[in-house]
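Order of appearance sets the numbers: ligands from 1, and atoms from 1 within every ligand. What's counted below: heavy atoms across the whole structure, side chains too, no hydrogens, waters or symmetry copies. Nothing fancy with the numbering, it's 1 onward along the sequence.
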Amino acid sequence: MVTRVVPSVCCHDCGGSCPLNIYVENERIVKIEARDLGIPALRPCARGLLYHYRVHHPDRLQYPMKRAGERGEGKFVRISWDEALSEIAAQLTRIRDIYGPAAIFNQTMSGSLAQLHSLTLTPRFLNMAGGHGQRWGGASFQGGFFGSMATYGRTDTGNDRADLLNSRMIFLWGCNPAESIFSTETRWYLLQAKERGTRIVCVDPRLTETASTLASQWVPIRPGTDAAMLVAMAYVILEHGLQDQAFLDKHTVGFDMFRDYVTGEEEGIAKTPEWAEKITGVPAATIRQLALEYATSKPAAILAGWAPGRTSRGEQYHRLTATLQAMTGNIGLRGGAAAGLDMNFGILPVETTASKDYSLDIYGFILSMLSNPVSQDKPLHEYAVEGIRDHTIDRVNFTKIWDAELRGKVGGYYSDIKMTYIAGGNPICQAPMSNQGAQALKKLEFVVVHEMFLTPTAKFADILLPVCSWCERNDIRFAWMFGHYAMYANKAIEPLYETKTDLQIFTELASKLGIHGYNDRTEDEWLQLFAAQHGIPDYEAFKANSFHKQESPEPWVTFQSQIKEPERYPFPTPSGKIEIYCQRIADFNRHEALPPIPKYVEGWEGVNDALAEQYPLQLITTHPPKSVHSQYQNIPWVRDIEPHAVWINPLDAKARNIRNGDRVKVFNDRGIISLAVKVTSRIMPGVVCIYEGAWYAPDASGVDQGGCANVLIKGDHSPGGALCSNSALVQIEKA
Ligand SMILES: Nc1nc2c(c(=O)[nH]1)N[C@H]1C(S)=C(S)[C@@H](COP(=O)(O)OP(=O)(O)OC[C@H]3O[C@@H](n4cnc5c(=O)[nH]c(N)nc54)[C@H](O)[C@@H]3O)O[C@H]1N2
Ligand SMILES: Nc1nc2c(c(=O)[nH]1)N[C@H]1C(S)=C(S)[C@@H](COP(=O)(O)OP(=O)(O)OC[C@H]3O[C@@H](n4cnc5c(=O)[nH]c(N)nc54)[C@H](O)[C@@H]3O)O[C@H]1N2
Ligand code: SF4
Ligand SMILES: [Mo]
């Protein structure tokens, strides 16, 4: 038997990028191994190594299908590609002509995140077909995006992970790279740093694998209160005169106003560690100790995870991490960090003074989404501020799509939505308000889904199209942080059954609709062009090795030039400086929940909310360590090694007479889910955790037996537009 070994890279949406060898026998993938590039940091996890279980899963969708039963029932009949594409073209034209293009919505999410096959394919197609209803505010990092834009005018604020070796102290704030990756190299460099004696502190309501293996201190904190701890740390730094005043004077605007807020000059409340202890649950002595240690351990880095940003006032946390790094002069410095969004895509860092404010641009996707005839292309952060004034703007926030689909113009939205297009996403499970989502998808006139599997969302399709996995196509892949490398995802096998790539599908649909220019190159031509644009000299060698590393003398540190030569390299903000006070925020709005200087602003569904009487537990819905969102839910070994369960502290369990392994109901006004319970002191009292990603499976009485966390998450956003998947109050009872 001839075995072919295909060099490739894992293309999952985890922030990593891991080299793989894919073994193929008789057009079947029989094994996937780690490919040794001599870079010890780049080691894949089980999801990459077992991807063939998804590729060759017996439930793979094999041919195009058309709905047979009621919408959502999951009954389909086989049709031909030509019938399927003709029906989509006809329905799209009908709906666009009757209701206008804004009636067609794009709900594609992160199913495909390589550079060519990406989430831009859907909006590109819909824009060329006349425009579409668009969203603002994403699921992932809107809090960081907004905070970064406000403070730095830029979102690509990350440093090379290798630079962590230069830090004397590292905060992993709501950040769990041992399990949620964030660039494959992160945990390896953290381990090296720890071995060198760097102090690593994890601030997290849970004792994660990161906290227990990489950190020297775990600081449990109430969800959504991180801003208060950061403000109190600023208080201690000021109290001891430890701020880097020269840095603040030279590189920032608005620090005086921030200082007055912190000391209590502004509103009479000094933001002492004792003040913060009541809000955060973190002992004042701990806050003091950490603040003093931080301010005297230069260079220090705060790695700002995105989970605290997914709370009802999440952008304040992101702005404060940047403000503290500025107060301690730790920006643009080896071993420091700019915080903010803390992400960086691509092979080569580019020193730019330009503002980068469109979220999809930062990924460097090959096919642009082009401009949308229906929606204005203004900077996205402006939508954030308009969005809290009212929601009659020409976009719908990610968290309110179901509501917009259900209520349309009557509900104050800009359009009545009639059709949705989902090409890579499982929004019933992954967007808030799953119960409402099921209602919304039933109400629409037409639903198209491109999928590998019959997911809870795919069940609602009118036309369901089978797509290839990333082993059945060619692509290029970057990680979320510069490692100065790109990887080539080589096609290991031909597309199985009748599957096609999303790009092929949209290309064929475009030609059915008489659209020119959707895609005028082959896969290989696009990738070759892209490689050349990114300075990869020999495309064939890149493809054969599946790897290109751009040599760089030392690890990249963002904003080094801005700090060294501020006249030549101003920050891309209106003031040219780091904006602790943001005039743009002040100009657009006077909403107290979105102040122009970063503050702790109490949000909804925290411990002081009136709802806490009825629903006393704070729910966080963390990314599943052994899955990519909802993607491994149908792989039995994942369920075996990571049984789906709600985490609860022994004190809270005892008070409810609940024992480890019991089946429980977790509920609030938005719904009820049923799942097993994991009693563990690895989560702080008062907080419970359910991993996102479980497949929604309501029973006849409406109780979700799948245990999908998004049944319980509110369909509302932070003022800056963030999904609030870590701001929800619930109660738990024995089932
Ligand atoms: N409660 C809660 N909800 C969350 C989060 C949270 O923390 N808590 N996190 C949010 C975040 S950060 C994100 S990024 C989103 C992710 O949300 P989604 O992107 O909806 O998540 P996935 O479950 O990965 O769904 C992707 C789907 O695409 C399919 N797929 C895979 N490859 C392809 C392909 O090439 N083409 C097509 N057409 N389909 C493909 C997969 O089978 C899968 O069903 O979830 C968000 N939802
Ligand atoms: N294994 C795995 N890795 C992934 C993904 C996946 O699905 N699975 N998804 C990828 C994607 S798309 C994204 S966007 C990233 C998301 O990565 P993150 O944004 O880091 O998200 P989470 O894993 O949800 O949360 C990280 C940690 O924050 C803690 N946390 C939750 N709420 C709070 C809070 O209010 N304050 C503080 N201090 N901590 C809090 C959680 O307990 C958790 O340990 O992960 C990526 N990596
Ligand atoms: S899922 Fe992420 S960490 Fe795991 S192999 Fe794939 S890219 Fe690497
Ligand atoms: Mo994400």
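- Counting all heavy atoms, side chain and backbone alike, V219 lies closest to V282 at CG1-CG1, 3.6 Å.
- Protein heavy atom at the shortest distance from atom 8 (N) of ligand 1 is T621 OG1, 3.0 Å.
- Ranking protein heavy atoms by distance to atom 25 (O) of ligand 2, first place goes to A307 CB, 3.2 Å.
- Not a single N or O atom of P427, backbone or side chain, sits closer than 3.5 Å to an N or O atom of ligand 1.
- Residues E642 and R47 are not paired through a salt bridge, judged by the lack of any N-O separation under 4.0 Å between the basic side chain and the carboxylate.
- Between W136 and H717, the distance from one ring center to the other falls under 6.0 angstrom.
- Of the polar atoms of T622, none of the N or O atoms is found under 3.5 Å from an N or O of ligand 1, judged by distance alone.
- Residue contacts with ligand 1 for E692 involve side-chain atoms from C-beta outward but no N, CA, C or O (heavy atoms, distance under 4.0 Å).
- Polar contact with ligand 2: present for P624 (N/O pair, distance under 3.5 Å).
- Among the atoms of G111, some N or O lies under 3.5 angstrom from an N or O of ligand 1.
- Using a 4.0 Å heavy-atom cutoff, G305 is absent from the residues neighbouring ligand 2.
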Working for salt bridge (Lys or Arg N to Asp or Glu O under 4.0 Å), residues E209 and R682:
CA-CA 10 Å; E209 290 297 314; R682 293 181 78 139; 3.6 Å; yes
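- Close to ligand 1: A423, with a non-hydrogen atom less than 4.0 angstrom away.
- Note: F506 and H450 have tilted aromatic rings, judged against thresholds of 30 and 60 degrees for the angle between ring planes.
- Remark: among candidates N726, L172, D226, V687, the nearest residue to atom 34 (C) of ligand 2 is D226, based on non-hydrogen atoms.
- Closest heavy-atom approach to atom 33 (C) of ligand 2 within the set P205, C45, G174, C202: this belongs to P205.
- Here C10 meets the criterion, with an N, O or S atom under 2.8 Å of atom 6 (Fe) of ligand 3.
- Using 4.0 Å as the threshold, R310 has a heavy atom nearer than that to some atom of ligand 2.
- The protein non-hydrogen atom at the shortest distance from atom 2 (Fe) of ligand 3 is C14 SG, 2.2 Å.
- Of all protein heavy atoms, the one closest to atom 5 (S) of ligand 3 is C45 N, 3.3 Å.
- Taking atom 4 (C) of ligand 1 as the reference point, the nearest protein heavy-atom neighbour is Q430 O, 3.5 Å.
- For the ligand labelled ligand 2, residue R47 lies inside the 4.0 Å heavy-atom shell.
- Here the shortest heavy-atom distance to atom 6 (C) of ligand 2, taken over S725, G314, S627, C14, belongs to S627.
- Taking each of S110, S118, C468, P456 in turn, the one with a heavy atom nearest to atom 19 (O) of ligand 1 proves to be S110.
- For ligand 1, one of its N or O atoms has an N or O atom of N710 under 3.5 Å away.
- Of the protein's non-hydrogen atoms, C18 SG, 2.2 Å is the one closest to atom 8 (Fe) of ligand 3.
- Set against the non-hydrogen atoms of G16, the atoms of ligand 3 under 4.0 Å away are 7 (S).
- When hydrogens are left out, the protein atom nearest atom 43 (C) of ligand 2 is D204 OD2, 3.3 Å; that is the closest non-hydrogen contact.
- Residue contacts with ligand 1 for R54 involve side-chain atoms from C-beta outward but no N, CA, C or O (heavy atoms, distance under 4.0 Å).
- Using cut-offs of 30° and 60° for the angle between ring planes, the F182 and W306 rings count as perpendicular.
- For the pair G15 and ligand 2, no heavy-atom separation below 4.0 Å is found.
- Metal site remark for atom 8 (Fe) of ligand 3: H12 contributes no N, O or S atom at a distance under 2.8 Å.
- Taking the side chain as every heavy atom from C-beta outward, R313 and S718 never approach each other to under 4.5 Å.
- Close contacts between ligand 3 and G48 involve ligand atoms 5 (S) [criterion: under 4.0 Å to a heavy atom].
- Below 3.5 Å of separation, one finds an N or O of S180 facing an N or O of ligand 2.
- Those atoms of ligand 2 with a heavy atom of I221 less than 4.0 angstrom away are 38 (N).
- Inclusion of T208 in the set of residues having an N or O under 3.5 Å from an N or O of ligand 2 is not warranted.
- At least one donor-acceptor pair under 3.5 Å links the side chain of T210 to the backbone N or O of A178.
- Taking all heavy atoms of F182, Y632, F141, W173 into account, the minimum distance to atom 20 (O) of ligand 2 is reached by F182.
- When heavy-atom distances to ligand 2 are checked against a 4.0 Å cut-off, T210 has no atom that comes that close, whether in backbone or side chain.
- Remark: ligand 2 and V628 share no N or O pair separated by less than 3.5 Å (distance only, no angle test).
- Nearest protein heavy-atom contact of atom 10 (C) of ligand 2 is D13 O, 3.3 Å.
- Residues M684 and P205 are in side-chain contact: their nearest non-hydrogen atoms beyond the backbone lie under 4.5 Å apart.
- Ring centroids of H318 and F141 are separated by 6.0 Å or more, keeping the two rings apart.
- Contacts between S17 and ligand 3, counted as non-hydrogen atom pairs separated by less than 4.0 Å, involve the backbone only.
- Nearest protein neighbour of atom 39 (N) of ligand 1, counting heavy atoms only, is G424 CA, 3.3 Å.
- Taking a cut-off of under 4.0 Å to the non-hydrogen atoms of I181, the atoms of ligand 3 that pass are 3 (S).
- Ligand 2 places these atoms under 4.0 Å from at least one heavy atom of W306: 14 (S), 19 (O).
- If you number the atoms of ligand 1 from 1 as listed, the ones under 4.0 Å from a heavy atom of N426 come out as 20 (O), 25 (O).
- In terms of protein heavy-atom proximity, atom 36 (N) of ligand 1 is closest to D502 OD2, 2.7 Å.
- Ligand 2 has no nitrogen or oxygen under 3.5 angstrom from a nitrogen or oxygen of K626.
- The shortest contact between atom 5 (C) of ligand 2 and any protein heavy atom is with H623 ND1, 3.4 Å.
- In this structure, H117 does not count as a contact residue of ligand 1, since none of its heavy atoms falls inside 4.0 Å of the ligand.
- Backbone and side-chain nitrogen or oxygen atoms of T311 are examined, and none is located within less than 3.5 angstrom of a nitrogen or oxygen of ligand 2.
- The distance from ligand 2 to the heavy atoms of N176 drops below 4.0 Å at these ligand atoms: 44 (O).
- When only interatomic distances are considered, the shortest N/O to N/O separation between R473 and ligand 1 falls below 3.5 Å.
- In this structure, the protein non-hydrogen atom closest to atom 14 (S) of ligand 2 is S140 OG, 3.2 Å.
- The distance criterion of under 3.5 Å between nitrogen or oxygen atoms is met by P625 with respect to ligand 2.
- Atom numbering of ligand 2 starts at 1 in the shown order; those under 4.0 Å from a heavy atom of P223 are 34 (C), 35 (O).
- Given atom 29 (C) of ligand 1, the protein heavy atom at minimum distance is E451 OE2, 3.3 Å.
- For atom 17 (O) of ligand 1, the closest non-hydrogen atom of the protein is M109 CE, 3.2 Å.
- Both the backbone and the side chain of P44 come within contact range of ligand 3, each with a heavy atom under 4.0 Å.
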